[in-house]
Amino acid sequence: MLYELFLKCLKIPYRRTGVSADYALRREKETLYIFFEKSAGKNDWYRNLDFPAKPYKRMGKTLWLAHRGFLRTWKELEGHLAPYVMDLSVKRIIITGYSHGAAMAVFCHEYVWFHRPDLREALDGYGFGCPRVFWGIPCGKSTRRWERFTVIRNLNDIVTHVPPALLGYSHVGTVLEIGEKGKYTSIQAHYEENILEELQAFETQANSSTVTAFARGSSEVKRNSLLPSTKAISR
């Protein structure tokens, strides 16, 4: 369940590998869970705001542009995670991040998709309160890399709306909206306790079969109750 997955993302002990790069790993049989922590310090926030677009080159013949600050942080993480991702005994990978960490989950999801083509149908990614990372006009050649990635947005959560779409940024994957319009300010909607509350309400509603798929008037936003199972995560 998404509630349990997000709670684990908040509580699991993290490793710091660079100036602003915190991650955690958990192995359960053949499944590898990768977690990325929220913003934790002034340098993280500096990189959050460092959003001119920069080319991301490890894409074969497909080139895409990304948020420069997030890309710098990902490059600090990439070498640390590569041995775990490339372990052929791993048969499924679930990637989760919150806020700044959700942006890292976007990069990690693409990295696994590119380097472990055998896991493309056994790869799931979740970005809670995820900022926009992708720059440019989404097209099939690039965005199919995130077909199994879900952005969880607590409606008007300010972090999920930056960098602004007017600057050319967009989300990748599916955007799942939770919460009630007007219940929180744009800043309060990003608070972890409020996301937990709305996840719990969303899953209670989904379990009673009253949730239907719909779009909220934006081609970027989809609501989907048929998310991959996360029951393997315990609290």
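These numbers come from a predicted model, not from an experiment.
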Can you measure from [atom1] ([X]) to [atom2] ([Y]) and round to the nearest 0.5 angstrom?
X    : Y    : atom1 : atom2 : value
T96  : K8   : OG1   : NZ    : 11.5 Å
R16  : L77  : CZ    : CG    : 10.0 Å
W135 : Y169 : CH2   : OH    : 8.0 Å
L123 : E147 : CG    : CD    : 11.0 Å
R132 : F70  : CZ    : CZ    : 12.0 Å
Y184 : N156 : OH    : CG    : 10.5 Å

Is the [X] to [Y] ring centre distance short of 6.0 Å?
X    : Y    : value
H100 : F36  : no
H190 : F128 : no
Y23  : F35  : no

Worksheet item: Is it the case that R92 and T31 place a side-chain donor and acceptor less than 3.5 Å from each other?
Response: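 No - no donor-acceptor pair under 3.5 Å links their side chains.
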Discussion item. Is it the case that over 12 heavy atoms from other parts of the model lie below 6.0 angstrom from the CD1 atom of I187?
Written reply: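 Counting other residues, nucleotides and ligands, CD1 of I187 stays at 12 neighbours or fewer.
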Quick one: salt bridge (charged side-chain N to carboxylate O under 4.0 Å, His left out) partners of [X], sequence neighbours excluded?
X    : answer
K183 : E197, E198
E192 : K38
R27  : D87

Within the distance-only criterion (no hydrogens, no angle test), does the side chain of [X] pair as donor or acceptor with the backbone N or O of [Y] below 3.5 angstrom?
X    : Y    : answer
Y111 : A82  : no
H171 : T160 : yes
W146 : V106 : yes
R116 : V85  : yes
R145 : E110 : no
Q205 : F202 : no
D22  : E37  : no
E203 : Y3   : yes

Locate the shortest heavy-atom distance separating [X] from [Y]; write the atom from each residue and the value.
X    : Y    : value
E180 : L155 : C-CD1, 3.0 Å
L196 : F6   : CD2-CD2, 3.5 Å
D157 : G129 : OD2-CA, 3.5 Å
A189 : I195 : O-CG1, 3.6 Å
P131 : A103 : CG-CB, 4.0 Å
N154 : G179 : OD1-CA, 3.6 Å

Is there a path of hydrophobic side-chain contacts, each under 4.5 Å between heavy atoms of I, L, V, M, F, W or Y residues, that connects [X] with [Y]?
X    : Y    : value
L119 : M86  : yes
V151 : L71  : yes
I152 : V162 : no
Y98  : Y33  : yes

Flag the pair [X] / [Y] as yes when at least one side-chain heavy-atom distance between them is below 4.5 Å, and no otherwise.
X    : Y    : answer
E4   : L199 : no
F149 : T174 : no
H161 : R153 : yes

Discussion item. Applying side-chain contact (heavy atoms from CB on, under 4.5 Å) to V90 and Y84, what does each step give before you reach the verdict?
Written reply: CA-CA 8 Å; V90 171; Y84 302 98; over 6 Å; no
Worksheet item: Is the shortest distance from a Lys or Arg side-chain nitrogen in R26 or E28 to a carboxylate oxygen in the other one below 4.0 Å?
Response: yes
Worksheet item: Does E78 come within less than 4.0 Å of K75, counting only side-chain N to carboxylate O?
Response: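 A salt bridge links E78 with K75.
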Fill in: side-chain contact (heavy atoms from CB on, under 4.5 Å) partner of L81, chosen from I34, I95, V112, L32
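Looking at I34, I95, V112, L32, the match for L81 under the side-chain contact (heavy atoms from CB on, under 4.5 Å) is I34.
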